[in-house]
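As structure tokens, the structure follows; a few thoughts come after it.
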Amino acid sequence: MSLLDLAAYQRDGFAVLEGFLPLSDCDALQERAAELVAALDVDAARRIFSPRDQGHARDRYFLESGAAVRFFFEEEATDQPARLALNKIGHALHDLDPVFDRISRRSRLADLAHVLGLVRPLLLQSMYLFKQPWIGAEVGWHQDAAYLHTRPSTVIGFWIALDDADRDNGCLMALPGGHRGPLRQRFLRDGDRAVLRTLDAAPWPNVEPVALEARRGTLVILHGLLPHASAPNRSSRPRHAYAVHLIDGRADYPADNWLQRPDLPLRGFT
């Protein structure tokens, strides 16, 4: 397992730890996701997740998913079966499903959270990401802190490759050092919808993007202010991944954040 170079993480805003998650855990996550999809009532749950136009932001199904396990489909999905049409499952797998709970709270993840400076780490959000062959959508440049905001900013993303991720099937891309810039946007509640508001119109840093190619079982750590993205998957290969976002419980979590869990208190690693 690759060891964390904390100085490099602080410089770049990301770290890539190869071989972090045992392949048996990768298998368990993929098998459990397949079981959840097989039990899905597609007609009742068919909602589109669009990183392009944010149409889901007006849907209660999405807005209440912070305390649920819900399913979101690709914009370009047509007549594919659900297992080949889903964009993601979110956003409380880590609390509501025993397999995801167990793996999300591995002691080595807890240790990393503390090394990264989270004094009271709380697991806020989880997503099983499909990045389907041929139709996996592009995710534009963004900062996770725009969607999961605390004061001060404390969010950190743990992104685990469940398939090999490379340039061909839409691996993560990052702007190294970009986390030292301002928060550009916030995705927040405005009545019965969520809106994306610009806070700072400064352009993204003029640096060469880095492809965060990752073999299966690799953990990618993302600073909450790091600009990152992923290209569409036009290959014949899937790019499944599992992501968990953490915050520090000492920070203020605003009531206008889109993700609210009034009846499901946040938990740490124990």
(request) Might you work through the side-chain contact (heavy atoms from CB on, under 4.5 Å) test for Leu116 and His114, ending with a clear yes or no? (result) CA-CA 5 Å; Leu116 292 165; His114 288 292; over 6 Å; no

(message) Under the criterion side-chain contact (heavy atoms from CB on, under 4.5 Å), I'd like the reasoning laid out for Arg197 against Gln185: C-alpha separation, chi angles, the key distance, then a yes or no.
(response) CA-CA 5 Å; Arg197 290 186 180 160; Gln185 296 177 307; over 6 Å; no

(request) Applying side-chain contact (heavy atoms from CB on, under 4.5 Å), run through Met173 and Trp141 and close with a yes or a no. (result) CA-CA 9 Å; Met173 305 290 294; Trp141 293 104; 3.9 Å; yes

(request) Check step by step if side-chain contact (heavy atoms from CB on, under 4.5 Å) holds for Asp101 and Arg267. (result) CA-CA 11 Å; Asp101 180 18; Arg267 296 168 48 215; 3.9 Å; yes

(request) Begin from the C-alpha positions of Asp95 and Arg105 and carry the test salt bridge (charged side-chain N to carboxylate O under 4.0 Å, His left out) through to its verdict. (result) CA-CA 10 Å; Asp95 281 330; Arg105 290 184 164 85; 2.8 Å; yes

(message) Run His94 and Ser104 through side-chain hydrogen bond (donor to acceptor under 3.5 Å, both in side chains) and show every step you take.
(response) CA-CA 6 Å; His94 62 288; Ser104 300; 5.8 Å; no

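Side chains of Phe20 and Ile221 form no contact here, defined as non-hydrogen atoms less than 4.5 Å apart. Between Val207 and Pro176, some side-chain heavy-atom pair lies under the 4.5 Å cut-off. Using a 4.5 Å heavy-atom threshold, the side chains of Leu124 and Tyr253 count as touching. No side-chain heavy atom of Asp12 sits less than 4.5 Å from a side-chain heavy atom of Val210. For the pair Leu188 and Trp258, the minimum side-chain heavy-atom distance is 4.5 Å or more. At a threshold of 4.5 Å between non-hydrogen side-chain atoms, the residues Arg102 and Asp25 count as touching. Looking at heavy atoms from C-beta onward, Gln132 lies in side-chain contact with Leu86 at the 4.5 angstrom threshold. You'll find the side chain of Leu266 reaches within 4.5 Å of the side chain of Ile247, heavy atoms only.
A donor-acceptor pair under 3.5 Å links the side-chain atoms of Asn257 to the main chain of His149, judged by distance alone. Proximity of a side-chain donor or acceptor of Gln143 to a complementary backbone N or O of Pro182 within less than 3.5 Å is detected. In this structure, Glu213 contributes its side chain and Arg167 its backbone to a donor-acceptor pair below 3.5 Å. A donor-acceptor pair under 3.5 Å is absent between the side-chain atoms of Arg261 and the main chain of Ala68, judged by distance alone. In this structure a side-chain-to-backbone donor-acceptor pair under 3.5 Å is missing from Arg184 to Leu225. Side chain of Gln260 to backbone of Ala255: a donor-acceptor contact under 3.5 angstrom is found. A distance-only check finds a donor-acceptor pair linking the side chain of Ser126 to the backbone of Leu93 [under 3.5 Å]. Proximity of a side-chain donor or acceptor of Glu31 to a complementary backbone N or O of Leu29 within less than 3.5 Å is not detected.
Considering all non-hydrogen atoms of both residues, Leu122 and Gly249 come closest at CD1-CA, 3.6 Å. Nearest heavy-atom pair, Thr154 versus Ala251, reported as atom, atom and distance to 0.1 Å: CG2-CB, 3.9 Å. Among all heavy-atom pairs drawn from Pro205 and Gly178, the shortest one is CG-CA, 3.8 Å. Annotation for Phe269 and Ala113: closest pair CE1-CB, 3.9 Å, computed over non-hydrogen atoms. Smallest separation of non-hydrogen atoms from Asn233 and Ser235: OD1-OG, 2.7 Å. Scanning all heavy atoms of the two residues, the minimum distance from Gly170 to Lys131 falls at O-CE, 3.7 Å.
No salt bridge links Arg186 with Asp200; every basic N to acidic carboxylate O contact stays at or beyond 4.0 Å. Classification of Arg216 and Asp27 as a salt-bridged pair holds, one side-chain N sitting under 4.0 Å from a carboxylate O. The pair Asp111-Arg108 does not meet the salt-bridge criterion, since no charged nitrogen lies less than 4.0 angstrom from a carboxylate oxygen.
In this structure, the separation between CD1 on Ile89 and CZ on Phe71 is 4.5 Å, given to the nearest 0.5 Å. With rounding to the nearest 0.5 angstrom, the NE2 atom of His91 is 4.5 Å from the OG atom of Ser65. Distance CG/Asp168 to CZ/Arg239: 13.0 Å, rounded to 0.5 Å. Taken to the nearest 0.5 Å, the CG atom of Leu226 stands 11.5 Å off from the CD1 atom of Ile156. A distance of 12.5 Å separates CG of Asn169 from CZ of Arg234, quoted to the nearest 0.5 Å. The line from CG of Asp248 to OG of Ser153 is 11.0 Å long, rounded to the nearest 0.5 Å.
Remark: of the listed residues Asp166, Asp163, Asp164, Asp166 is the sole one forming a side-chain hydrogen bond (donor to acceptor under 3.5 Å, both in side chains) with Arg237. Under the side chain to side chain contact (heavy atoms under 4.5 Å, CB included) rule, Trp159 has a single partner from Leu212, Leu219, Val16, Leu129, which is Leu129.
Between His223 and Tyr9, the two ring planes are tilted [angle within 30° to 60°]. Using the six-membered ring where Trp is involved, Phe187 and Tyr147 have ring planes that are tilted, between 30° and 60° apart. By the 30° and 60° cut-offs, the orientation of the rings of His240 relative to Tyr128 is perpendicular.
Hydrophobic cluster membership differs between Ile103 and Met127, with clusters built from Ile, Leu, Val, Met, Phe, Trp and Tyr side chains linked at under 4.5 angstrom. Residues Leu148 and Phe158 fall within the same hydrophobic cluster, defined by Ile, Leu, Val, Met, Phe, Trp and Tyr side chains chained together at heavy-atom separations under 4.5 Å. Linking Ile, Leu, Val, Met, Phe, Trp and Tyr residues whenever their side-chain heavy atoms come within less than 4.5 Å places Phe72 and Leu259 in a single cluster. Note on Val115 and Leu123: same hydrophobic cluster, where clusters join Ile, Leu, Val, Met, Phe, Trp and Tyr whose side-chain heavy atoms are under 4.5 Å apart, directly or indirectly. When the side chains of ILVMFWY residues are joined at heavy-atom separations under 4.5 Å, either directly or via intervening members, Phe14 and Leu183 end up in two distinct hydrophobic clusters.
Under a cutoff of 6.0 Å and an axis angle of 45°, Arg32 and Phe100 do not form a cation-pi pair.
Other residues sharing a hydrophobic cluster with Ile135 under the 4.5 Å side-chain heavy-atom criterion for ILVMFWY residues are Trp134.
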